[in-house]
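Being a predicted model, the structure only gives us computed values, none of them experimental.
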Amino acid sequence: KLQFLYLIGYVRPIMKTPLLGGDAPPAPGFGFVTLVMLAVNTMNGPGLVALSRVFNGAGWVPSTIVLAFSAMITGYTVSSFTAVLEKDLWRNPRDKGCIEFSALSRRYLGEGGFKATMVLLCVSLVMLACAQIVVTAQALDAFVVGLVGESAAVVYYPWPEVITTTTRSLMPFPVGTWGVSVGFVLDAALCIYLGTLDLDANILPQFMAAGTALVAVLTLYVHLLSSAALENAPAVGDLYGPDATALLGVSVFNFAYVIAVPSLYADSSKRVDFRHAMWWGVAIMCFICWLLGVLGAAAKPAAPSANVLISIYTDPTASVPTRMAVKAYLLALALPIPIYTILLKRNLEPLTKHANAISLAAPWLGALFCYMQPWFQLLINWSSLLCLGFVNYTVPLLITLAYYREEGTPWSRQVLVVACLAFSFVAILAGIYLNLV
(Lines give C-alpha, C1' and ligand atoms only; values in the text may rest on other atoms or scores of the structure.)
Protein backbone atom coordinates (compact mmCIF):
# COMPACT_ATOMS: atom_id res chain seq x y z
CA LYS A 1 0.00 0.00 0.00
CA LEU A 2 2.82 2.37 0.85
CA GLN A 3 4.54 1.65 -2.46
CA PHE A 4 1.30 2.41 -4.32
CA LEU A 5 0.77 5.65 -2.39
CA TYR A 6 4.34 6.73 -3.10
CA LEU A 7 3.77 5.95 -6.79
CA ILE A 8 0.61 8.05 -7.11
CA GLY A 9 2.42 10.79 -5.39
CA TYR A 10 3.61 11.31 -1.93
CA VAL A 11 1.71 10.03 1.07
CA ARG A 12 1.70 13.32 2.95
CA PRO A 13 -0.73 15.45 0.93
CA ILE A 14 -3.10 12.58 0.09
CA MET A 15 -3.40 10.90 3.48
CA LYS A 16 -2.96 13.79 5.90
CA THR A 17 -3.38 17.42 4.96
CA PRO A 18 -4.78 20.52 6.68
CA LEU A 19 -7.99 19.84 4.74
CA LEU A 20 -8.35 16.50 6.52
CA GLY A 21 -7.09 17.71 9.91
CA GLY A 22 -3.74 17.69 11.67
CA ASP A 23 -0.19 18.49 10.68
CA ALA A 24 1.46 16.36 8.03
CA PRO A 25 4.71 14.52 8.82
CA PRO A 26 7.83 15.05 6.70
CA ALA A 27 7.52 13.46 3.28
CA PRO A 28 9.85 12.71 0.37
CA GLY A 29 8.08 14.87 -2.21
CA PHE A 30 5.64 14.57 -5.10
CA GLY A 31 5.57 11.27 -6.96
CA PHE A 32 5.52 10.69 -10.72
CA VAL A 33 1.72 10.57 -11.18
CA THR A 34 1.23 13.62 -8.94
CA LEU A 35 3.72 15.62 -11.01
CA VAL A 36 2.01 14.62 -14.27
CA MET A 37 -1.40 15.50 -12.79
CA LEU A 38 -0.19 18.90 -11.54
CA ALA A 39 1.36 19.69 -14.92
CA VAL A 40 -1.88 18.82 -16.76
CA ASN A 41 -4.02 20.68 -14.21
CA THR A 42 -1.88 23.81 -14.56
CA MET A 43 -2.19 23.72 -18.35
CA ASN A 44 -5.88 22.83 -18.34
CA GLY A 45 -7.88 26.04 -18.49
CA PRO A 46 -10.23 28.27 -20.47
CA GLY A 47 -7.90 28.25 -23.48
CA LEU A 48 -8.88 24.64 -24.12
CA VAL A 49 -12.48 25.49 -24.96
CA ALA A 50 -11.39 28.04 -27.59
CA LEU A 51 -9.52 25.46 -29.68
CA SER A 52 -12.53 24.44 -31.77
CA ARG A 53 -12.97 28.03 -32.93
CA VAL A 54 -9.22 28.21 -33.65
CA PHE A 55 -9.30 24.99 -35.70
CA ASN A 56 -12.29 26.36 -37.64
CA GLY A 57 -10.56 29.66 -38.35
CA ALA A 58 -7.00 28.55 -39.13
CA GLY A 59 -7.76 25.10 -40.54
CA TRP A 60 -6.84 21.87 -38.83
CA VAL A 61 -3.47 21.41 -40.61
CA PRO A 62 -1.88 24.72 -39.44
CA SER A 63 -3.56 24.28 -36.05
CA THR A 64 -2.16 20.77 -35.63
CA ILE A 65 1.35 21.88 -36.66
CA VAL A 66 1.39 24.89 -34.33
CA LEU A 67 -0.07 22.86 -31.45
CA ALA A 68 2.55 20.11 -31.90
CA PHE A 69 5.42 22.61 -32.18
CA SER A 70 4.16 24.45 -29.10
CA ALA A 71 4.13 21.18 -27.17
CA MET A 72 7.65 20.23 -28.31
CA ILE A 73 9.06 23.68 -27.56
CA THR A 74 7.38 23.60 -24.15
CA GLY A 75 8.76 20.15 -23.37
CA TYR A 76 12.28 21.07 -24.44
CA THR A 77 12.14 24.37 -22.53
CA VAL A 78 11.20 22.52 -19.34
CA SER A 79 13.78 19.80 -19.92
CA SER A 80 16.66 22.22 -20.43
CA PHE A 81 15.46 24.58 -17.69
CA THR A 82 15.48 21.66 -15.24
CA ALA A 83 19.29 21.55 -15.48
CA VAL A 84 19.41 25.03 -13.95
CA LEU A 85 17.00 24.03 -11.19
CA GLU A 86 19.01 20.92 -10.35
CA LYS A 87 22.30 22.81 -10.03
CA ASP A 88 20.95 25.78 -8.07
CA LEU A 89 19.02 23.62 -5.61
CA TRP A 90 22.13 21.45 -5.17
CA ARG A 91 24.07 24.60 -4.27
CA ASN A 92 21.39 25.67 -1.74
CA PRO A 93 19.60 22.49 -0.61
CA ARG A 94 17.94 24.20 2.38
CA ASP A 95 16.52 27.11 0.36
CA LYS A 96 13.87 25.98 -2.12
CA GLY A 97 13.13 29.61 -2.90
CA CYS A 98 16.49 29.86 -4.69
CA ILE A 99 14.99 28.21 -7.78
CA GLU A 100 11.85 30.33 -8.09
CA PHE A 101 11.68 32.67 -11.08
CA SER A 102 12.33 35.73 -8.92
CA ALA A 103 15.64 34.33 -7.62
CA LEU A 104 16.80 32.77 -10.89
CA SER A 105 16.11 35.88 -13.00
CA ARG A 106 18.06 38.08 -10.56
CA ARG A 107 21.00 35.66 -10.49
CA TYR A 108 21.31 35.01 -14.24
CA LEU A 109 19.70 38.04 -15.94
CA GLY A 110 20.77 40.90 -13.67
CA GLU A 111 18.66 43.54 -11.99
CA GLY A 112 17.02 44.75 -15.22
CA GLY A 113 16.12 41.22 -16.26
CA PHE A 114 14.78 40.52 -12.79
CA LYS A 115 12.43 43.52 -12.87
CA ALA A 116 11.16 42.70 -16.35
CA THR A 117 10.65 39.05 -15.39
CA MET A 118 8.69 39.94 -12.27
CA VAL A 119 6.35 42.24 -14.21
CA LEU A 120 5.72 39.58 -16.88
CA LEU A 121 5.36 36.82 -14.30
CA CYS A 122 2.92 38.69 -12.04
CA VAL A 123 0.73 39.83 -14.94
CA SER A 124 0.71 36.31 -16.40
CA LEU A 125 -0.22 34.59 -13.14
CA VAL A 126 -2.95 37.14 -12.38
CA MET A 127 -4.44 36.80 -15.89
CA LEU A 128 -4.33 32.99 -15.78
CA ALA A 129 -6.17 33.06 -12.47
CA CYS A 130 -8.64 35.69 -13.73
CA ALA A 131 -9.50 33.61 -16.79
CA GLN A 132 -10.38 30.57 -14.70
CA ILE A 133 -12.19 32.61 -12.05
CA VAL A 134 -14.47 34.17 -14.68
CA VAL A 135 -15.46 30.91 -16.38
CA THR A 136 -15.89 28.97 -13.13
CA ALA A 137 -17.95 31.75 -11.48
CA GLN A 138 -20.27 31.79 -14.50
CA ALA A 139 -20.54 27.99 -14.31
CA LEU A 140 -21.42 28.22 -10.62
CA ASP A 141 -24.14 30.74 -11.45
CA ALA A 142 -25.52 28.29 -14.02
CA PHE A 143 -25.37 25.55 -11.37
CA VAL A 144 -27.25 27.74 -8.87
CA VAL A 145 -29.95 28.50 -11.48
CA GLY A 146 -30.34 24.80 -12.19
CA LEU A 147 -30.48 23.98 -8.47
CA VAL A 148 -32.81 26.65 -7.04
CA GLY A 149 -34.28 28.22 -10.17
CA GLU A 150 -32.45 31.57 -10.13
CA SER A 151 -29.22 33.33 -9.26
CA ALA A 152 -28.58 36.88 -8.09
CA ALA A 153 -25.92 39.55 -8.46
CA VAL A 154 -25.15 42.88 -6.83
CA VAL A 155 -24.54 45.46 -9.57
CA TYR A 156 -22.12 48.23 -8.56
CA TYR A 157 -22.11 50.28 -11.82
CA PRO A 158 -23.70 52.56 -13.04
CA TRP A 159 -25.81 52.46 -9.85
CA PRO A 160 -26.10 49.87 -7.07
CA GLU A 161 -28.92 47.37 -7.42
CA VAL A 162 -29.66 43.68 -7.02
CA ILE A 163 -30.59 41.75 -10.16
CA THR A 164 -31.70 38.15 -10.61
CA THR A 165 -31.68 35.73 -13.53
CA THR A 166 -33.46 32.49 -14.34
CA THR A 167 -31.60 31.98 -17.63
CA ARG A 168 -30.30 28.42 -17.96
CA SER A 169 -27.04 29.23 -19.70
CA LEU A 170 -23.29 29.09 -19.08
CA MET A 171 -23.46 32.91 -18.97
CA PRO A 172 -26.69 33.54 -17.02
CA PHE A 173 -26.25 37.31 -16.60
CA PRO A 174 -26.22 39.83 -19.47
CA VAL A 175 -22.83 40.55 -21.02
CA GLY A 176 -21.48 43.90 -19.81
CA THR A 177 -22.97 43.69 -16.32
CA TRP A 178 -20.70 45.23 -13.68
CA GLY A 179 -21.48 43.22 -10.58
CA VAL A 180 -20.74 40.43 -8.13
CA SER A 181 -22.85 37.30 -8.51
CA VAL A 182 -23.64 34.41 -6.19
CA GLY A 183 -21.40 32.17 -8.31
CA PHE A 184 -18.50 34.60 -7.94
CA VAL A 185 -18.89 34.62 -4.14
CA LEU A 186 -19.03 30.81 -3.96
CA ASP A 187 -15.95 30.56 -6.17
CA ALA A 188 -14.06 33.01 -3.96
CA ALA A 189 -15.09 31.27 -0.73
CA LEU A 190 -13.60 27.97 -1.92
CA CYS A 191 -10.49 29.14 -3.74
CA ILE A 192 -9.30 31.88 -1.37
CA TYR A 193 -9.14 29.36 1.48
CA LEU A 194 -7.20 26.85 -0.63
CA GLY A 195 -4.89 29.66 -1.73
CA THR A 196 -3.84 30.27 1.88
CA LEU A 197 -2.46 26.70 2.03
CA ASP A 198 0.78 25.55 0.46
CA LEU A 199 1.09 23.49 -2.71
CA ASP A 200 1.39 20.11 -0.98
CA ALA A 201 -1.82 20.75 0.99
CA ASN A 202 -3.70 21.23 -2.31
CA ILE A 203 -2.92 17.81 -3.76
CA LEU A 204 -6.20 16.18 -2.73
CA PRO A 205 -8.30 18.96 -4.39
CA GLN A 206 -6.08 18.71 -7.48
CA PHE A 207 -6.73 14.98 -7.82
CA MET A 208 -10.45 15.66 -7.43
CA ALA A 209 -10.28 18.31 -10.15
CA ALA A 210 -8.29 16.04 -12.48
CA GLY A 211 -10.71 13.12 -12.03
CA THR A 212 -13.77 15.32 -12.60
CA ALA A 213 -12.23 16.96 -15.68
CA LEU A 214 -11.25 13.56 -17.13
CA VAL A 215 -14.76 12.13 -16.82
CA ALA A 216 -16.27 15.34 -18.20
CA VAL A 217 -13.92 15.53 -21.21
CA LEU A 218 -14.53 11.87 -22.09
CA THR A 219 -18.29 12.53 -21.98
CA LEU A 220 -17.86 15.53 -24.28
CA TYR A 221 -15.77 13.44 -26.70
CA VAL A 222 -18.59 10.86 -26.86
CA HIS A 223 -21.09 13.61 -27.66
CA LEU A 224 -18.91 15.15 -30.37
CA LEU A 225 -18.34 11.73 -31.92
CA SER A 226 -22.04 10.88 -31.93
CA SER A 227 -23.86 10.75 -35.25
CA ALA A 228 -26.31 13.44 -34.10
CA ALA A 229 -23.51 15.92 -33.55
CA LEU A 230 -21.62 15.05 -36.73
CA GLU A 231 -24.52 14.58 -39.14
CA ASN A 232 -23.91 17.97 -40.76
CA ALA A 233 -20.11 17.70 -40.76
CA PRO A 234 -18.95 15.47 -43.62
CA ALA A 235 -15.33 16.57 -43.19
CA VAL A 236 -13.15 17.71 -40.33
CA GLY A 237 -13.37 21.39 -41.18
CA ASP A 238 -11.10 22.90 -43.83
CA LEU A 239 -7.46 21.93 -44.20
CA TYR A 240 -6.44 25.59 -44.25
CA GLY A 241 -8.47 28.50 -42.98
CA PRO A 242 -8.39 32.26 -43.52
CA ASP A 243 -8.20 33.37 -39.88
CA ALA A 244 -5.11 32.45 -37.82
CA THR A 245 -5.17 35.50 -35.53
CA ALA A 246 -5.89 33.54 -32.34
CA LEU A 247 -3.87 30.42 -33.20
CA LEU A 248 -0.56 31.32 -31.53
CA GLY A 249 -2.17 33.12 -28.61
CA VAL A 250 -4.43 30.18 -27.73
CA SER A 251 -1.60 27.64 -28.23
CA VAL A 252 0.70 29.59 -25.93
CA PHE A 253 -2.10 29.94 -23.37
CA ASN A 254 -2.77 26.19 -23.36
CA PHE A 255 0.85 25.26 -22.60
CA ALA A 256 1.45 28.03 -20.09
CA TYR A 257 2.84 25.98 -17.23
CA VAL A 258 6.61 26.57 -17.39
CA ILE A 259 6.09 29.24 -14.72
CA ALA A 260 5.02 26.43 -12.34
CA VAL A 261 8.02 24.19 -13.04
CA PRO A 262 10.40 25.63 -10.37
CA SER A 263 7.83 25.07 -7.61
CA LEU A 264 6.98 21.58 -8.89
CA TYR A 265 10.66 20.66 -8.98
CA ALA A 266 11.32 22.06 -5.50
CA ASP A 267 8.52 19.91 -4.02
CA SER A 268 9.16 16.77 -6.09
CA SER A 269 10.72 13.55 -4.85
CA LYS A 270 14.36 13.22 -5.82
CA ARG A 271 13.66 9.56 -6.70
CA VAL A 272 11.36 10.62 -9.55
CA ASP A 273 12.46 11.34 -13.12
CA PHE A 274 11.19 14.92 -13.18
CA ARG A 275 11.87 15.54 -16.88
CA HIS A 276 10.03 12.36 -17.85
CA ALA A 277 6.99 13.39 -15.79
CA MET A 278 6.92 16.86 -17.38
CA TRP A 279 7.14 15.42 -20.91
CA TRP A 280 4.23 13.09 -20.12
CA GLY A 281 2.19 16.03 -18.87
CA VAL A 282 2.83 18.01 -22.06
CA ALA A 283 2.08 15.01 -24.29
CA ILE A 284 -1.23 14.28 -22.53
CA MET A 285 -2.31 17.91 -22.73
CA CYS A 286 -1.35 18.14 -26.41
CA PHE A 287 -3.49 15.11 -27.24
CA ILE A 288 -6.47 16.45 -25.24
CA CYS A 289 -6.19 19.83 -26.99
CA TRP A 290 -5.83 18.35 -30.47
CA LEU A 291 -8.72 15.92 -30.13
CA LEU A 292 -11.08 18.54 -28.71
CA GLY A 293 -10.04 21.01 -31.42
CA VAL A 294 -10.59 18.56 -34.27
CA LEU A 295 -13.84 17.07 -32.96
CA GLY A 296 -15.22 20.46 -31.98
CA ALA A 297 -14.40 21.91 -35.40
CA ALA A 298 -16.05 18.94 -37.12
CA ALA A 299 -19.18 18.91 -34.97
CA LYS A 300 -19.61 22.70 -34.84
CA PRO A 301 -18.28 23.97 -38.19
CA ALA A 302 -20.31 27.17 -38.03
CA ALA A 303 -20.40 27.69 -34.26
CA PRO A 304 -20.62 31.43 -33.59
CA SER A 305 -19.26 31.11 -30.05
CA ALA A 306 -15.55 31.14 -29.25
CA ASN A 307 -16.37 28.67 -26.47
CA VAL A 308 -17.18 25.17 -27.72
CA LEU A 309 -18.79 24.33 -24.38
CA ILE A 310 -21.47 26.96 -24.99
CA SER A 311 -22.15 25.41 -28.39
CA ILE A 312 -22.44 21.95 -26.85
CA TYR A 313 -24.57 23.13 -23.94
CA THR A 314 -27.06 24.89 -26.24
CA ASP A 315 -27.14 22.00 -28.74
CA PRO A 316 -30.71 20.60 -28.78
CA THR A 317 -29.27 17.09 -29.36
CA ALA A 318 -27.15 17.25 -26.20
CA SER A 319 -28.23 14.79 -23.53
CA VAL A 320 -28.59 15.56 -19.81
CA PRO A 321 -25.25 13.80 -18.99
CA THR A 322 -23.56 15.90 -21.68
CA ARG A 323 -24.89 19.15 -20.21
CA MET A 324 -23.86 17.97 -16.75
CA ALA A 325 -20.38 17.19 -18.12
CA VAL A 326 -20.07 20.77 -19.43
CA LYS A 327 -20.84 22.18 -15.99
CA ALA A 328 -18.61 19.60 -14.26
CA TYR A 329 -15.65 20.47 -16.48
CA LEU A 330 -16.01 24.18 -15.79
CA LEU A 331 -16.39 23.59 -12.05
CA ALA A 332 -13.26 21.38 -12.11
CA LEU A 333 -11.31 24.43 -13.33
CA ALA A 334 -11.98 26.14 -9.99
CA LEU A 335 -9.75 23.90 -7.89
CA PRO A 336 -6.50 24.65 -9.82
CA ILE A 337 -7.00 28.43 -9.30
CA PRO A 338 -5.12 28.36 -5.94
CA ILE A 339 -2.03 27.03 -7.74
CA TYR A 340 -1.60 30.42 -9.45
CA THR A 341 -1.98 32.33 -6.18
CA ILE A 342 0.54 30.02 -4.49
CA LEU A 343 3.05 30.53 -7.33
CA LEU A 344 2.54 34.28 -7.12
CA LYS A 345 3.05 34.22 -3.34
CA ARG A 346 6.26 32.18 -3.59
CA ASN A 347 7.80 34.61 -6.05
CA LEU A 348 6.74 37.70 -4.08
CA GLU A 349 7.89 36.43 -0.66
CA PRO A 350 11.52 37.59 -1.07
CA LEU A 351 10.28 41.06 -2.06
CA THR A 352 7.53 41.91 0.41
CA LYS A 353 6.08 40.71 3.70
CA HIS A 354 2.60 41.19 2.22
CA ALA A 355 3.10 38.51 -0.43
CA ASN A 356 0.23 36.35 0.85
CA ALA A 357 -2.29 39.20 0.88
CA ILE A 358 -1.23 40.48 -2.55
CA SER A 359 -1.32 37.02 -4.15
CA LEU A 360 -4.85 36.43 -2.84
CA ALA A 361 -6.26 39.89 -3.59
CA ALA A 362 -4.81 40.67 -7.05
CA PRO A 363 -6.44 37.82 -9.05
CA TRP A 364 -9.87 38.32 -7.47
CA LEU A 365 -9.87 42.08 -7.88
CA GLY A 366 -8.80 41.62 -11.49
CA ALA A 367 -11.53 39.03 -12.06
CA LEU A 368 -14.10 41.33 -10.46
CA PHE A 369 -13.19 44.01 -13.00
CA CYS A 370 -13.32 41.56 -15.94
CA TYR A 371 -16.35 39.52 -14.89
CA MET A 372 -19.14 39.42 -17.51
CA GLN A 373 -17.32 41.91 -19.77
CA PRO A 374 -17.34 41.51 -23.58
CA TRP A 375 -13.67 42.46 -23.99
CA PHE A 376 -12.38 39.84 -21.56
CA GLN A 377 -11.45 37.30 -24.29
CA LEU A 378 -9.48 40.00 -26.13
CA LEU A 379 -7.61 40.83 -22.92
CA ILE A 380 -6.70 37.17 -22.40
CA ASN A 381 -5.43 36.83 -25.98
CA TRP A 382 -3.19 39.92 -25.76
CA SER A 383 -1.88 39.16 -22.27
CA SER A 384 -0.95 35.68 -23.54
CA LEU A 385 1.03 37.13 -26.43
CA LEU A 386 2.66 40.05 -24.61
CA CYS A 387 3.38 38.47 -21.23
CA LEU A 388 2.67 34.76 -21.00
CA GLY A 389 4.65 33.79 -24.10
CA PHE A 390 7.78 35.65 -23.00
CA VAL A 391 7.76 34.49 -19.37
CA ASN A 392 7.06 30.85 -20.34
CA TYR A 393 9.60 30.55 -23.13
CA THR A 394 11.93 33.52 -23.58
CA VAL A 395 12.85 34.02 -19.91
CA PRO A 396 13.50 30.32 -19.02
CA LEU A 397 15.56 29.82 -22.18
CA LEU A 398 17.58 32.99 -21.51
CA ILE A 399 18.26 31.75 -17.96
CA THR A 400 19.27 28.34 -19.34
CA LEU A 401 21.61 29.95 -21.87
CA ALA A 402 23.21 32.12 -19.16
CA TYR A 403 23.65 29.00 -16.99
CA TYR A 404 25.26 27.05 -19.86
CA ARG A 405 27.72 29.85 -20.49
CA GLU A 406 28.55 30.09 -16.79
CA GLU A 407 29.18 26.35 -16.65
CA GLY A 408 31.21 26.34 -19.86
CA THR A 409 28.76 24.02 -21.61
CA PRO A 410 29.89 23.04 -25.14
CA TRP A 411 28.46 25.22 -27.89
CA SER A 412 26.83 22.18 -29.51
CA ARG A 413 24.41 21.99 -26.55
CA GLN A 414 23.79 25.72 -26.56
CA VAL A 415 22.78 25.80 -30.24
CA LEU A 416 19.47 24.02 -29.64
CA VAL A 417 18.59 26.40 -26.81
CA VAL A 418 19.37 29.37 -29.07
CA ALA A 419 17.25 27.83 -31.85
CA CYS A 420 14.26 27.29 -29.50
CA LEU A 421 14.71 30.79 -28.12
CA ALA A 422 14.70 32.27 -31.62
CA PHE A 423 11.70 30.18 -32.70
CA SER A 424 9.62 31.08 -29.65
CA PHE A 425 10.50 34.76 -29.97
CA VAL A 426 9.60 34.86 -33.67
CA ALA A 427 6.38 32.90 -33.04
CA ILE A 428 5.27 35.38 -30.37
CA LEU A 429 6.08 38.35 -32.62
CA ALA A 430 4.22 36.68 -35.50
CA GLY A 431 1.18 36.21 -33.26
CA ILE A 432 1.29 39.88 -32.28
CA TYR A 433 1.59 40.91 -35.95
CA LEU A 434 -1.33 38.71 -37.03
CA ASN A 435 -3.54 40.22 -34.36
CA LEU A 436 -2.55 43.77 -35.33
CA VAL A 437 -3.20 43.36 -39.06
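Within a 6.0 Å sphere centred on CZ of F143, heavy atoms belonging to other residues, nucleotides or ligands number 12 at most. At most 12 non-hydrogen atoms from other residues, nucleotides or ligands lie less than 6.0 angstrom from CZ of F425.
Between L128 and T42 there is no side-chain heavy-atom pair separated by less than 4.5 Å. Within the 4.5 Å cutoff, the side chain of V134 has heavy atoms near those of the F376 side chain. When side chains are defined from C-beta on, V145 does not count as touching D141, because their heavy atoms never get closer than 4.5 Å. Using a 4.5 Å cut-off on side-chain heavy atoms (C-beta onward), L397 and V418 make no contact. At a threshold of 4.5 Å between non-hydrogen side-chain atoms, the residues F81 and Y403 do not count as touching. Residues P172 and S151 have side chains not in contact (no heavy-atom distance under 4.5 Å, counting atoms from C-beta outward). Looking at P262 and F101, their side chains come closer than 4.5 Å, going by heavy atoms from C-beta outward. Under the 4.5 Å side-chain criterion, counting only non-hydrogen atoms from C-beta, L109 is in contact with I399.
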Return a table of donor-acceptor pairs under 3.5 angstrom between the side chains of residues 361-370 and protein atoms on other chains or two or more places apart.
none

Residues 209-219, side-chain donor-acceptor partners within the protein, below 3.5 Å, at least two apart:
unit_1, atom_1, unit_2, atom_2, d
T212, OG1, M208, O, 2.9
T219, OG1, V215, O, 2.8

Exercise. S102 and M118: side-chain contact (heavy atoms from CB on, under 4.5 Å), yes or no, with the steps?
Worked result: CA-CA 6 Å; S102 54; M118 288 306 297; 3.5 Å; yes
For this session: Take C98 and L89 through the side-chain contact (heavy atoms from CB on, under 4.5 Å) test and state the conclusion after the steps.
Result: CA-CA 7 Å; C98 71; L89 192 58; 4.3 Å; yes
For this session: Please test F255 against L67 for side-chain contact (heavy atoms from CB on, under 4.5 Å), starting from the C-alpha separation and ending with a verdict.
Result: CA-CA 9 Å; F255 292 105; L67 200 64; 3.8 Å; yes
For this session: List the steps and the verdict of side-chain contact (heavy atoms from CB on, under 4.5 Å) for Q138 and F184.
Result: CA-CA 7 Å; Q138 290 174 340; F184 191 94; over 6 Å; no
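Legend: side-chain hydrogen bond (donor to acceptor under 3.5 Å, both in side chains) pairs involving residues 336-352, not counting sequence neighbours, sorted by first then second residue: Q132-Y340, D198-R346, S263-R346, D267-R346.
The line from CG of L344 to CG of L121 is 7.0 Å long, rounded to the nearest 0.5 Å. Atom CG of residue D200 and atom CD1 of residue I342 lie 8.5 Å apart, to the nearest 0.5 angstrom. Note that CG of D187 is 3.5 Å distant from OG1 of T136, once rounded to the nearest 0.5 Å. The CG atom of L330 sits 10.0 Å away from atom OH of Y313, with the distance rounded to the nearest 0.5 Å. With rounding to the nearest 0.5 Å, the separation of CG in L401 from OG in S80 is 10.0 Å. Atom OG1 of T409 is separated from atom CH2 of W411 by 11.5 Å, given to the nearest 0.5 angstrom.
Contact between Y221 and I288 at its shortest, heavy atoms only, is OH-O, 3.0 Å. Closest approach of P205 to L335, counting heavy atoms only: O-CD1, 3.3 Å. The two residues G59 and S63 come nearest to each other via the heavy atoms O-OG, 2.7 Å. In terms of heavy-atom proximity, C286 sits nearest to A68 at SG-CA, 4.4 Å. Between T117 and V391 the shortest heavy-atom distance is O-CG2, 4.3 Å. Closest approach of C387 and V123 over heavy atoms only: SG-CG1, 3.6 Å.
Ion pair E406/R107 flagged as a salt bridge, since at least one NZ, NE, NH1 or NH2 atom sits closer than 4.0 Å to an Asp/Glu carboxylate oxygen.
In this pair, F274 and Y265 present their aromatic rings perpendicular. The plane angle is above 60°, beyond the 30 to 60° band.
Between the side chains of T77 and T74, not a single donor N or O lies within less than 3.5 Å of an accepting N or O.
Between the R275 side chain and the S79 main chain, a donor and an acceptor come within less than 3.5 Å of each other. For N41 (side chain) and P336 (main-chain N/O), no donor-acceptor pair under 3.5 Å exists by modelled atom type. Between the side chain of T400 and the main chain of P396, a donor-acceptor pair closer than 3.5 Å is present. With N392 contributing its side chain and L388 its backbone, the two residues share a donor-acceptor pair below 3.5 Å. Remark: side-chain polar atoms of Q373 are paired, donor with acceptor, to backbone N or O of Y371 under 3.5 angstrom. Here the side chain of K87 pairs no donor or acceptor atom with the backbone of L85 at under 3.5 angstrom. A donor-acceptor contact shorter than 3.5 Å is absent between the side chain of Q206 and the backbone of M37.
Here the two rings, on Y108 and Y404, have centers that are 6.0 Å apart or farther.
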